[in-house]
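Below is one structure, written out as structure tokens, with a few remarks after it.
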Amino acid sequence: MGGLAGEPVDLLVVGGGINGAGIARDAAGRGLKVCLVEKDDLASHTSSWSSKLIHGGLRYLEYYEFRLVREALIEREVLLRAAPHIISPLTFVLPHGPGMRPAWMLRLGLFLYDHLGGRELLPVSTRIDLSSTPEGTPLKSAYKTGFTYSDGWVDDSRLVALNARDAADRGAAILTRTCCKAARRENGHWVAVLEGADGGRREIRARGLVNAAGPWVQTFLDDNIKKTARHRVRLVKGSHIVVPRLFEHDRPYILQNDDKRIVFAIPYYERFTLIGTTDVPFEGDPGEVRISRDEIDYLCRAVNRYFEKQTTPEDIVWSFAGVRPLYDDASGNPSAVTRDYVFDLDTEEDGAPLLSIFGGKITTYRKLAEHALERLTPVLKIGKGPWTAKASLPGGDIADADFGCFLEQTRRSWPWVPAELITRLAHAYGTRIDRVLGEATDMASLGEPVAPGLYEAELDYLVREEWARTAEDVLWRRSKLGLFLDAPSQARVHEWFAVKAPDTTRAAEKT
Ligand SMILES: Cc1cc2nc3c(=O)[nH]c(=O)nc-3n(C[C@H](O)[C@H](O)[C@H](O)COP(=O)(O)OP(=O)(O)OC[C@H]3O[C@@H](n4cnc5c(N)ncnc54)[C@H](O)[C@@H]3O)c2cc1C
């Protein structure tokens with residue numbers, strides 16, 4: 001297992017989801033020597049299975065989560081500016097009908113939403129006449145009015161990869177397919193046992209340890225390092241279905257279900273609609289979470305109450321399920337469990353700190369990382385302060401965060417790249433697209449077309465710069481090409497890894 005010399009690192013981060021990657025990035029930018037270990041691929045678990053919203057969380061207002069909502073609302077614009085290639089504004093449509101929360105309550109909620117967290121880029125909420133606007137066309141005629149409000153969309157798994165990339169650019173070691181099996185305190189340091197994909201083990205010393213293991217936060221404490229957790233995690237499953245698109249325009253819907261929960265119907269890669277999510281208490285291995293038939297029926301019923309076009313389980317082209325690692329606040333109702341995050345900082349014994357993260361949202365990961373570093377600063381004597389609020393993520397240094405303008409320029413710079421491909425690459429890599437396309441002057445110089453719209457130049461980049469080790473890493477996390485490529489095309493991506501990157505693939509397959 002390569003990577004680090006024998007010197008101790010300042011911070012060992014366990015977990016390559018959004019929280020671990022965000023903390024590694026922030027710490028590396030403050031000059032700390034950082035090592036992040038992820039037992040699978042980056043974003044292989046909860047951070048790939050979100051609803052992909054950068055949102056304040058309108059419904060959390062009902063639970064009086066004002067701190068969380070305010071922080072998340074502010075973060076929307078911070079993140080839109082940091083990564084406009086993978087994050088974009090969304091205008092939600094909230095149809096209103098009989099039996100729902102009263103209109104005055106919705107107006108009050110939206111007023112708070114507009115004003116709690118400062119807004120510059122995003123438009124204000126409005127009332128909308130659904131009987132005469134395209135947003136009303138796909139809906140049943142009972143829905144005549146509604147509201148609109150703003151939030152954002154994010155490519156969640158790429159957000160993780162970009163945070164890891166930025167951390168690495170600032171000196172962090174990112175070790176994927178590397179499990180932290182155990183850790184003990186010794187002479188003022190943590191000594192952690194790391195196991196690579198080939199089964200090889202090594203020890204690493206660290207001044208501080210961050211447990212960002214998401215759904216495994218508590219088992220990491222109980223089993224891997226034998227510490228009694230002072231907080232408990234509450235695992236709540238949430239599932240989504242993807243169906244051929246239910247409507248022509250690009251605005252998502254927020255739909256109140258008959259159980260008072262809300263379900264989103266979000267445009268997904270032009271051809272599809274993403275529908276979710278559910279809240280189901282979960283026990284068992286978070287690595288083995290699957291959507292159930294009840295959840296499928298629930299989600300179909302939720303959208304069928306609103307749309308003329310009826311959705312059946314046979315329409316589903318893809319589904320996914322994830323486990324929320326929530327802080328257990330003892331709520332009876334899984335929907336009511338707080339979505340805020342809580343830290344457990346343990347500096348017992350000879351002082352090497354252990355910071356465990358409970359809860360959190362994709363939306364608040366940057367602030368969570370900032371707060372985590374704030375907690376660690378006095379213990380680890382960190383000299384530098386917060387820096388990420390105004391920093392771009394890799395590829396996100398786009399003038400005025402104007403992605404449309406950037407896309408136009410990109411098309412002009414590479415006029416020989418087909419429109420669909422250049423749009424996908426511009427979204428995925430932003431200003432780093434030149435590193436993907438390299439010195440290429442025509443399509444032939446991008447190398448072999450391994451699958452429709454996927455060339456060797458991009459695969460080489462993903463292996464070199466983004467830790468891609470298997471076809472799944474590329475098809476489902478660095479991109480969502482898996483949704484578009486047929487089985488033979490996907491098989492060719494598998495073959496490419498077997499032939500072109502055999503060492504990395506073999507090692508990854510052992511995990
Ligand atoms: C259905 C659903 C919808 C959601 N929608 C949204 C949304 O729209 N917007 C939003 O802001 N948030 C949303 N969230 C919340 C958000 O997705 C999570 O809060 C966030 O992804 C959690 O990230 P994490 O880094 O804590 O966990 P994870 O992404 O699960 O990362 C933890 C990582 O730790 C690794 N790991 C564990 N143990 C070890 C070990 N011993 N050694 C090495 N690695 C280890 C795991 O393999 C895993 O990859 C949603 C969540 C769900 C489930």
Side-chain angles (χ1 to χ4, degrees), residues 12-24 35-57 60 68 71-72 75-76 79 87 90 151-154 156-157 159-160 163-164 175-183 192-196 209-221 223-225 233 235-240 252 263-264 266 274 276-280 282 285-287 289 291 295 299 319-327 334 339-341 356-369 372 477 511:
L12 174 63
V13 180
V14 176
I18 192 58
N19 288 329
I23 290 170
C35 174
L36 178 147
V37 290
E38 163 52 54
K39 66 181 171 60
D40 300 315
D41 180 29
L42 294 170
S44 343
H45 297 285
T46 314
S47 298
S48 274
W49 307 135
S50 80
S51 304
K52 291 139 206 349
L53 300 179
I54 295 292
H55 62 158
Y60 308 148
L68 171 66
E71 181 169 291
E75 277 308 281
R76 295 179 308 184
L79 296 177
I87 300 179
L90 281 178
D151 263 329
W153 152 267
V154 62
D156 51 5
S157 48
L159 185 68
V160 178
N163 274 274
L175 307 181
T176 60
R177 271 94 189 185
T178 302
C179 182
C180 180
K181 297 299 262 189
V193 180
L194 307 184
E195 185 176 279
L209 180 61
V210 171
N211 169 9
W216 290 267
V217 60
Q218 202 171 312
T219 50
F220 182 73
L221 289 169
D223 302 343
N224 299 39
I225 61 173
V233 72
L235 299 180
V236 177
K237 178 166 68 146
S239 300
H240 291 83
V263 169
F264 296 109
I266 306 168
L274 174 68
T277 179
T278 54
D279 277 307
V280 182
F282 182 82
D285 178 359
V289 51
I291 190 169
E295 287 174 285
L299 292 173
S319 65
F320 57 86
V323 174
R324 302 173 182 87
L326 304 179
Y327 167 69
R339 265 49 175 174
D340 211 342
Y341 52 85
S356 298
I357 317 287
F358 292 80
K361 304 276 301 167
I362 299 268
T363 309
T364 49
Y365 88 93
R366 193 199 63 81
K367 274 313 271 187
L368 180 151
R477 289 181 284 275
T511 57

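Both counts, for ligands and for their atoms, begin at 1 and track the order of listing. These values consider heavy atoms only, across backbone and side chains, with no hydrogens, waters or symmetry-generated copies. Residues take their numbers from the sequence shown, with the count starting at 1.
- In this view, R324 and D279 satisfy the salt bridge (Lys or Arg N to Asp or Glu O under 4.0 Å) rule, not counting sequence neighbours.
- Around ligand 1 you find V14, G15, G16, G17, I18, N19, V37, E38, K39, D40, H45, T46, S47, W49, S50, S51, K52, L53, H55, T178, C179, C180, A212, A213, G214, P215, W216, F220, N224, G238, H240, T277, G322, V323, R324, G360, K361, I362, T363, each with a heavy-atom distance below 4.0 Å.
- In terms of the salt bridge (Lys or Arg N to Asp or Glu O under 4.0 Å) criterion, K361 has no residue partners (sequence neighbours excluded).
- A salt bridge does not link R177 to D40: none of the charged side-chain nitrogens sits closer than 4.0 Å to a carboxylate oxygen.
- Every salt bridge (Lys or Arg N to Asp or Glu O under 4.0 Å) that R366 has, sequence neighbours left out, goes to E75, E370.
- Checked against I357 for a side chain to side chain contact (heavy atoms under 4.5 Å, CB included), the options V217, N211, V13, I23 give a single hit: I23.
- A cation-pi arrangement is absent between K237 and W49, since the terminal nitrogen or guanidinium carbon is not both under 6.0 Å from the aromatic centre and inside a 45° cone about the axis.
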